[in-house]
Amino acid sequence: MSRSIETSKKLFKEAQNYIPGGVNSPVRAFKAVGGDPLFISSAKGAFMYDEDGNAYYDLINSWGPMILGHAHPEIETAVRNAIGNSLSFGAPNSKEVDIARLIIDMVPSIEKVRMVNSGTEATMSAIRLARGYTNRNKIIKMEGCYHGHGDSFLIAAGSGAMTLGTPNSPGVTQGTANDTLTVPFNDLDSVDKLISEVGDDIAAIILEPVAGNMGCVLPKEGYLKGLRERCDKHGIVLIFDEVMTGFRLAQGGAQEVFNVMPDLTTLGKIIGGGMPVGAYGGKKEIMEFVAPTGPVYQAGTLSGNPVAMAAGMAMLSQLKENPDVYAKLASLTEKLHNGLQAVNDKLNLPYTINRLGSMISIFFTDREVIDLETAKTCDTGLFGKYFQAMLEEGVYLPPAQFETWFLSYSLTEGDIDKIITAHENAIKKILK
Ligand code: PMP
């Protein structure tokens, strides 16, 4: 190994004395890929720096939020200005109104929105609301989709839960598990079957419209529209979990790209510009069911926090004022895709690459990846080796096969060339 990561190693050892597994979110422990996790000291633009001073191209970008790159000057200035007026009020503030107005303007199906503190809170609140609104109990989720760590969602969950082999978590009661029905992603027949069995007790169908938590998996032609039609027919609330895709695939997220409108949308990540923020919103009629206008309770001491709102507002304003962001991100990602594919073709490697906008995954399988079953055909051991080899090449990828890479606007075409070269070097090294 050419670089030293001694400080990270020491910190990880110490962290394990105080924090379960040494980390505050499981995937960070690098369990799926082996080796010690890196402790990050700073990040700027397209780069992250670890505690030993090594630099890496960051293709995680805080799992999505840093779409404009790290330490963006406008966002940092907005936060600095907000800090001067106290960190929290626990009372209404004008920035909440500004960001709500902007979200409603940017996301086509949202007529009213409530701010929360994470993606998990957003999805938990959205299904409670769907249940309260419909007076029904069950939800349908898609296998391999991840919606945060709320009890109802830890059934056939993707992301870290799947990577760590715990898609169904202990600690979730049987009663809760029974109310979550799962079907494969991209499979309308299975949805029809469930609806014919228990249709009048299904409150909501929730899904990532473009899945990012089993790697990047795109909806088949007509899939989202088919779900919309079924929800309309059976009085089911359609929830798009756009925590990942919101403000990433387009200003209006996947619903804008595919022109299918959900009843409720959950948001997170980019909406906070790097601060802990989430939101859920949708049709006025449904959102009016939330307290204090309606009977469905949901609250938060720090919700609408003025510093977090300032960061989010600055981020969303940047995205709105620079509409070329999405075209540039898509073209950088296409260049990366073509480059990875060219290397794979040259080396006769049949791996599958899925991409949309600035989300991309390389799957170590020769199968087309359309759902959890096909994603699971990947050689995860080989991915682990690849991940380590890429780190050595100075590229920080999500530390699991079943995650999506996120590109940032601060990458240049030259950076993409370097990442493609890193890929070629890494692949040759692990296949030697
Ligand atoms: N939904 C989706 C689609 C996600 O990708 C995530 C997080 N990766 C969540 C919900 C949960 O968000 P958080 O980690 O902020 O609770």
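Everything numeric in this text was worked out from a predicted model, so none of it was measured. For ligands, and for the atoms within them, numbers begin at 1 and follow the listed sequence.
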The option among Gly119, Gly272, Gly246 carrying the non-hydrogen atom nearest to atom 15 (O) of ligand 1 is Gly119
What residue and atom, counting heavy atoms only, is the protein's closest point to atom 5 (O) of ligand 1, and at what distance?
-> Asn213 ND2, 3.0 Å
Quick one: look up the protein heavy atom nearest atom 1 (N) of ligand 1 and list residue, atom name and how far away it is.
-> Asp241 OD2, 2.6 Å
Other residues, nucleotides, ligands: >12 heavy atoms within 6.0 Å of Asn135 CG | no
Can you say whether the rings of Phe383 and Phe364 are parallel (under 30°), tilted (30 to 60°) or perpendicular (over 60°)?
-> perpendicular
Determine, using ring centers only, whether Phe30 and Phe387 are less than 6.0 Å apart.
-> yes
Check whether more than 12 heavy atoms from other residues, nucleotides or ligands sit under 6.0 Å from atom OH of Tyr297, and answer yes or no.
-> no
What do you reckon, does Tyr146 put a non-hydrogen atom under 4.0 Å from ligand 1?
-> yes
Contacting atoms of ligand 1, where contact means under 4.0 angstrom from a heavy atom of Glu208 | 3 (C)
Which ligand 1 atoms are under 4.0 Å away from a heavy-atom of His147?
-> 1 (N), 10 (C)
Can you find a non-hydrogen atom of Glu242 under 4.0 Å from ligand 1?
-> no
Within a distance under 4.0 Å of any heavy atom of Lys269, pick out the atoms of ligand 1 and give their elements.
-> 5 (O), 7 (C), 8 (N)
So among Tyr280, Phe153, Phe240, which one has a ring pair (Phe, Tyr, Trp, His ring centres under 6.0 Å) with His147?
-> Phe153
Which protein heavy atom lies closest to atom 9 (C) of ligand 1, and at what distance to 0.1 Å?
-> Gly148 N, 3.7 Å
If you draw the axis of the six-membered ring of Tyr409, does the NZ or CZ of Lys328 fall within 45° of it and under 6.0 Å from the ring centre?
-> yes
Against heavy atoms of Thr120, which atoms of ligand 1 measure under 4.0 Å?
-> 11 (C), 12 (O), 13 (P), 16 (O)
Relative to the ring of Phe289, is the ring of Tyr133 parallel (under 30°), tilted (30 to 60°) or perpendicular (over 60°)?
-> perpendicular
